[in-house]
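Below is one structure; the comments refer to it alone.
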Amino acid sequence: MKADIKQMILDAARTAFQNGELSSDDFPAVDVEEPKLVLHGDFSTNFAMVSASVQKMAPKKIAQAVLKHLNDPNGIIQRTEIAGPGFINFYIHPEAWHPVLSVIHEKDAAYGAKDIGGGSRVQVEFVSANPTGPLHVGHGRGAVVGDATAAILAFCGYDISREYYINDAGKQVHTLGRSVLLRARELSGQAIVFPEECYQGDYIRDIAKRILGEKGDWLFFADEEEAVSFCAASAAKEILAWIQEDLDLLGIRFDTWFSEQGLCDSGKVDEVIRQFTQNKMIYEQDGARWFKTEDFGDEKDRVVVRNNGQTTYFASDIAYHQDKFDRGFDRIIDVWGADHHGYIPRIRASIAASGKDPSRFTVILTQLVNLLRKGEPVAMGKRSGQFVTLREVIDEVGRDAARFIFLTRHYDSPLDFDLELAKQQTNDNPVFYVQYVHARISSILKKAAEEKNIDDIAFDPEAIRHLTAPEEIELIKHLSRYPETVAESAEKLEPHRIAFYLMDLAAVFHAYYNRHRVITDDSQLTAGRLYLVAAVRIIIRNGLHLLGVTAPESM
RNA sequence: GCGCCUGUAGCUCAGCUGGAUAGAGCAACGGACUUCUAAUCCGUAGGCCGCAGGUUCGAAUCCUGCCAGGCGCGCCA
């Protein structure tokens, strides 16, 4: 609809120019928007105003010239007006909205899928939590934002790959091994001092108990480093399995689990360091080797090989991002917690240093999650190891509520996650509000089948003509906005837009529902209304599906 | 100190790449269930869009400065 109007304006402007009523054919991009106020019409354009300087004419004169030559082949426009400083407002015939419904029914699950990706390959890497402890709510947010973003992009024609990077090499996993070994000693009755930098959580004891049961005294007779390595590998494996279960509970599946250790073992990290040393991007100082990230906009150069000979996490990450490009992805999206934002310039620098275009690399930074219960903060002492895990949250509030709530805020905005609120089945809780629409419509369709024997919701132009109530037109208008909402959400990597759209649509539907009965004695009207609400249900279902939330038939 | 993010109704947040009179939910107050699910709806009230400049026909939106909050600034990840 919007595109049609744009075309009409452009065509009219061209004709006006040919007739000498406009002085230039240098037209700006036509911007058609939906005015906030109903009395400004269904659509509005600032075309005349933004053309004023080029045309060297008053906006109102330009508007008049455009309107004079406006050609409306399908007769969708009821009337037009020139208003304010030079807006052209368009009023659409209410019936002109009706065809939206048949398009929705035809396209069904594919409705709103604008192909903006053109099959280009995009990798979305998210969660990537270290396998050193259970996931917490912050990870949950990143998980859901990443997963929904991936789903939306896939829907819009991108070839998407979801990836989890496992930090199973390096110091943290080594610390994990030490923590477990110490707890094992403790369990076997030895006196130990448990250092502050070790992992404090009770889960370490559980793992230690298991390993002690499997390996017994070997742990204490073996070479210490060997014992630590064994504990590290075994613990990381177990924790990773928990993480996979958690993600599974959230309905998240990865295409690739990429191991940092595997990357190191393949020699890729050493290879990258060798290459950059050759290119003089890496130099030696104070016994360490530094990458010249400052040359590419970072605040200072960064160490890639420590003076003890070990490579840093950054070194792995350089190789990892190289590898992503080597695998042929056109675009790379990383979802990180906001506390890692200082890391972006150096990764970007490493990409630029290797001759790749850094604009192909995007980071989504999800802001912090505050876990609350009835408005009171829930203690999240990382140091004490006492924190509420993501698993506990999912178990308590359920997958749908958890997912939806993570998506009801722009990822850039901190999120208060209230456990009690998430369980409440009221208007406070947007998941149920949206799902309720789906359940209500399902119930109506069921009743129509049972009582009126209407099983087949088919297109019937005669019936649809009965959809004339303002609430019905309003509802159809909302439905027609779904495709652009999805496209925007994909272009900006902002899944929350779909959540907000669904809440708005739900509100419009509930209002309609309370005002009008779908199933009436008028069979034509009933048929038309069933066609309408079935279209609403398609969109609610599609939208929820993109967000990874179920659409229940009944509640 | 430097960098990134944020500042919109009492609270939690939207606000489309600059548009006309600023949006929703909650909380408050008043209403609607013999009706397809009241997990719903209708109405009332609530605003120097942090502050000050600038850009222009037009700014919550873009630029600069300041104020406040969060996060980051390691040869940790």
Side-chain angles (χ1 to χ4, degrees), chain A residues 29 31 33-37 39-40 44-46 49-50 52-53 58-59 83-87 89 128-130 132 167 169-173 175 197 260 285-290 299-300 302-308 310-314 316-317 337-345 365 367-368 375 408-410 412-416 418 421 424-433 435-437 439-448 450-452 481 484-485 488 491-492 496-497 499-500 503-504 506-507 509-520 526 529-530 533 554-555:
Chain A
D31 191 22
E33 56 169 25
E34 294 163 51
K36 279 179 280 194
L37 276 75
L39 65 110
H40 291 147
S44 165
T45 184
N46 59 2
M49 283 135 74
V50 292
S53 59
F87 289 103
N89 296 336
S128 299
N130 295 343
T132 54
N167 297 120
K171 195 171 164 181
Q172 301 223 359
V173 172
T175 304
E197 75 269 16
E260 181 187 4
Q285 186 181 308
D286 305 330
R289 298 169 76 180
W290 302 69
E299 287 173 359
K300 55 180 226 175
R302 308 290 174 176
V303 170
V304 284
V305 184
R306 297 198 280 261
N307 62 13
N308 65 6
Q310 286 180 336
T311 56
T312 60
Y313 173 84
F314 178 46
S316 301
D317 239 1
D339 53 340
H340 287 68
H341 75 256
Y343 207 74
I344 299 173
L365 289 177
Q367 288 292 333
L368 175 117
T408 50
R409 215 119 301 174
H410 185 157
D412 231 358
S413 182
L415 166 64
D416 290 336
D418 194 305
L421 206 69
Q424 250 173 49
Q425 302 186 336
T426 67
N427 218 343
D428 291 1
N429 195 346
V431 204
F432 299 115
Y433 186 75
Q435 287 183 319
Y436 192 42
V437 173
R440 269 187 154 171
I441 296 173
S442 300
S443 176
I444 294 170
L445 297 180
K446 200 172 149 209
K447 188 176 165 112
E450 284 169 359
E451 294 181 7
K452 303 269 181 188
R481 286 182 204 134
E484 58 200 75
T485 303
E488 258 171 33
E491 276 158 9
K492 301 190 166 187
H496 77 279
R497 288 174 183 276
F500 278 94
M503 291 189 276
D504 282 347
F509 173 78
H510 284 312
Y512 173 65
Y513 177 92
N514 271 274
R515 187 129 183 193
H516 299 283
R517 288 189 61 79
V518 173
I519 300 172
T520 64
T526 301
R529 287 184 172 171
L530 285 171
V533 299
S554 66
M555 291 174 71

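Here is the naming used below: chain letters follow the sequence lines, and residue numbers restart at 1 for every chain.
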Check the geometry between A/Tyr433 and B/A39 and answer yes if their rings are stacked (centres below 5.5 Å, planes below 30°), otherwise no.
no
Considering only the P atoms, how many Å lie between B/G23 and B/G46, rounded to the nearest integer?
15 Å
Ring-face cation contact, A/Phe509 with A/Arg440, 6.0 Å cut, 45° max:
no
Hey, what's the ring geometry for A/His496 with A/Phe500, parallel, tilted or perpendicular (30° and 60° as the breaks)?
perpendicular
Between B/A59 and B/C16, how far apart are the C1' atoms? Round to whole Å, please.
15 Å
Residue whose nearest RNA chain B nucleotide is more 5′ - A/Gln285 or A/Asp412
A/Asp412
Within the distance-only criterion (no hydrogens, no angle test), does the side chain of A/Asn308 pair as donor or acceptor with the backbone N or O of A/Gln310 below 3.5 angstrom?
yes
Counting the atoms with a prime plus P, OP1 and OP2 as sugar-phosphate, which does A/Phe500 contact under 4.0 Å by heavy atoms, base, sugar-phosphate, or nothing?
sugar-phosphate
Quick one: does any side-chain atom of A/Trp290 pair with a main-chain N or O of A/Gln285 as donor and acceptor, under 3.5 Å?
yes
Select base, sugar-phosphate, or nothing to describe what A/Arg517 touches, counting heavy atoms under 4.0 Å on all strands.
base
Could you tell me which non-hydrogen atom of A/Arg529 sits nearest to which non-hydrogen atom of A/Arg517, and how far apart they are?
NH1-O, 2.7 Å
Output the rounded distance in Å from CD (A/Gln310) to P (B/C75).
14 Å
Any base atoms under 4.0 Å from A/Asn46, or only sugar-phosphate, or nothing? Heavy atoms, all strands.
base
Can you tell me, in whole Å, how much space there is between the P of B/G72 and that of B/U64?
25 Å
So that I can compare with my own list, what are the stems of RNA chain B, taken as at least three consecutive Watson-Crick or G-U pairs with distances under 3.5 Å?
B:1-7 with B:67-73, B:10-13 with B:23-26, B:28-32 with B:40-44, B:50-54 with B:62-66
Using atom C1' in both nucleotides, what's the gap between B/C13 and B/U6 to the nearest angstrom?
13 Å
Could you say whether A/Phe314 or A/Gly84 is positioned toward the 5' end of RNA chain B, judged by the nucleotide with the nearest heavy atom to each?
A/Gly84
By the 4.0 Å heavy-atom rule, please label A/Asp418 as base, sugar-phosphate, or nothing.
nothing
Apply side chain to side chain contact (heavy atoms under 4.5 Å, CB included) to A/Ile519 and A/Lys447, showing your working.
CA-CA 9 Å; A/Ile519 300 172; A/Lys447 188 176 165 112; 4.1 Å; yes
Does any N or O in the side chain of A/Thr526 come within less than 3.5 Å of the main-chain N or O of A/Thr520, such that one atom is a donor and the other an acceptor?
yes
Using a heavy-atom cut-off of 4.0 Å across all strands, would you classify A/Ala448 as base, sugar-phosphate, or nothing?
nothing
Classify the side-chain pair A/Asn429/A/Gln424 by whether it contains a donor and acceptor separated by less than 3.5 Å.
no
Atom C1', compared across B/G50 and B/G7: separation rounded to whole Å
6 Å
What contact category does A/Ala511 fall into here, base, sugar-phosphate, or nothing, at under 4.0 angstrom with non-hydrogen atoms?
sugar-phosphate
Nearest-Å distance once atom P is located in both B/U44 and B/C26
15 Å
If you look at every strand shown and take non-hydrogen atoms under 4.0 Å, does A/Asn130 touch a base, only sugar-phosphate, or nothing?
sugar-phosphate
What's the gap between B/G58 and B/A20 when it is taken at their C1' atoms, as a whole Å value?
9 Å
When all nucleic acid strands are considered with a 4.0 Å heavy-atom cut-off, which category describes A/Ser44: base, sugar-phosphate, or nothing?
base
